[in-house]
Amino acid sequence: MNDPIQAATVRVFIALAPPDDAKDELARALRSAYETYPGLRWNRIEDWHITLAFLGELPVSSVPGLRRPLGELAAGRPPLQLSLRGAGHFDERVLWSGIEGDLDGLHGLTAEVRAAVRECGIAFEERPLRPHLTLARARRDDPSSVMRVAAGLAAFAGRTWPAERLHLVGSNIGRGPGPIHYRDIASWEFGDGRPVSG
């Protein structure tokens with residue numbers, strides 16, 4: 001049997017993730033939608049995240065250089081208080097849950113994360129931050145399921161939770177016929193808000 005060939009690139013993004021109990025709360029609210037709309041391509045609950053910066057396909061060799069600046073950034077910032085609220089859709093095909101709470105802090109963190117990436121010499125497309133959690137995607141021949149699920153989830157109001165870790169994530173998108181899976185390349189706890197020395 002041949003050894004698998006190691007990819008020269010990896011698709012990378014930087015994100016926050018809700019804690020398990022907050023994700024479970026939303027999953028319970030989605031239970032009937034899972035049963036009613038099995039044709040939607042539902043994201044795995046363990047992959048739910050809030051993307052702060054999508055870096056795209058990077059050479060594997062460039063990824064280690066992100067570790068120290070992102071770790072120092074996280075250590076110098078307190079956790080953000082966020083919650084999951086309601087739902088919506090992009091282009092009638094992508095279902096999402098909204099984010100509420102310290103949105104000013106979230107935008108500030110995003111700006112710092114993106115600046116740290118640029119300082120590492122990594123170019124990426126900087127799209128405006130629209131804080132959300134992607135839940136599912138509709139197939140091209142299904143123009144209405146996502147809108148119906150979003151309408152049913154509009155009143156959802158989850159509990160407030162602290163975003164306690166910053167995640168550097170790699171995905172296997174485009175690497176085979178199966179579903180997209182994400183894995184942490186590294187993650188760092190947020191600190192107490194005091195600058196890190198040294």
For [X] versus [Y], what's the shortest heavy-atom pair and its separation?
| X | Y | value |
| --- | --- | --- |
| Ala33 | Trp42 | O-CZ2, 3.7 Å |
| Trp161 | Ala17 | CZ3-O, 4.3 Å |
| Asn43 | Thr134 | ND2-O, 3.1 Å |
| Thr160 | Gln81 | CG2-OE1, 3.7 Å |
| Pro79 | Gly191 | CD-O, 3.5 Å |
| Phe54 | Thr51 | N-CG2, 4.0 Å |

Is the shortest distance from a Lys or Arg side-chain nitrogen in [X] or [Y] to a carboxylate oxygen in the other one below 4.0 Å?
| X | Y | result |
| --- | --- | --- |
| Asp142 | Arg139 | no |
| Arg68 | Glu72 | yes |
| Arg165 | Asp184 | no |

Just checking [X]: does its [atom1] atom have more than 12 heavy atoms from other residues, nucleotides or ligands closer to it than 6.0 angstrom?
| X | atom1 | result |
| --- | --- | --- |
| Arg41 | CZ | yes |
| Asp21 | CG | yes |
| Arg159 | CZ | yes |

Inset, instruction - Check step by step if side-chain contact (heavy atoms from CB on, under 4.5 Å) holds for Ile122 and Arg118. - result: CA-CA 5 Å; Ile122 295 174; Arg118 287 193 303 273; over 6 Å; no
Spatial distance of atom [atom1] ([X]) from atom [atom2] ([Y]) [nearest 0.5 Å]:
| X | Y | atom1 | atom2 | value |
| --- | --- | --- | --- | --- |
| Asp47 | Leu133 | CG | CG | 10.5 Å |
| Leu55 | Cys120 | CG | SG | 9.5 Å |
| Leu40 | Arg137 | CG | CZ | 11.5 Å |

pair [X]-[Y]: side-chain heavy atoms closer than 4.5 Å:
| X | Y | result |
| --- | --- | --- |
| Arg114 | Glu126 | yes |
| Ser187 | Leu166 | no |
| Ile185 | Arg67 | yes |
| Leu95 | Phe90 | no |
| Thr36 | Val149 | no |
| Ile45 | Leu26 | no |
| Leu109 | Arg77 | yes |

Inset, instruction - Go through Ile14 and Val169 one step at a time and tell me if the side-chain contact (heavy atoms from CB on, under 4.5 Å) criterion holds. - result: CA-CA 6 Å; Ile14 299 162; Val169 184; over 6 Å; no
Taking [Y] as the starting point, is it possible to reach [X] by hopping between hydrophobic residues whose side chains are less than 4.5 Å apart?
| X | Y | answer |
| --- | --- | --- |
| Leu103 | Leu84 | yes |
| Ile99 | Leu129 | yes |
| Leu30 | Phe156 | yes |
| Trp188 | Leu52 | yes |
| Val60 | Val117 | yes |

Look at the side chain of [X] and the backbone N and O of [Y], then say whether any donor-acceptor pair between them is shorter than 3.5 Å.
| X | Y | result |
| --- | --- | --- |
| Arg93 | Ala138 | yes |
| Thr110 | Leu106 | yes |
| Ser97 | Gly86 | yes |
| His107 | Gly105 | no |

Do you see a donor-acceptor pair shorter than 3.5 Å between the side chains of [X] and [Y]?
| X | Y | value |
| --- | --- | --- |
| Arg11 | Ser171 | no |
| Ser83 | Glu100 | no |
| Tyr37 | Arg148 | yes |

Inset, instruction - Evaluate salt bridge (Lys or Arg N to Asp or Glu O under 4.0 Å) for Glu25 paired with Lys23, printing each intermediate quantity in order. - result: CA-CA 5 Å; Glu25 189 177 32; Lys23 292 190 289 189; over 6 Å; no
Inset, instruction - Under the side-chain contact (heavy atoms from CB on, under 4.5 Å) rule, what do Trp96 and Val146 come out as? Steps first, then yes or no, please. - result: CA-CA 9 Å; Trp96 51 260; Val146 159; over 6 Å; no
Inset, instruction - May I ask you to check whether Tyr182 and His167 place their ring centres under 6.0 Å from each other? - result: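 So the answer is no for these two rings.
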Inset, instruction - Begin from the C-alpha positions of Thr9 and Leu58 and carry the test side-chain contact (heavy atoms from CB on, under 4.5 Å) through to its verdict. - result: CA-CA 5 Å; Thr9 62; Leu58 299 181; over 6 Å; no
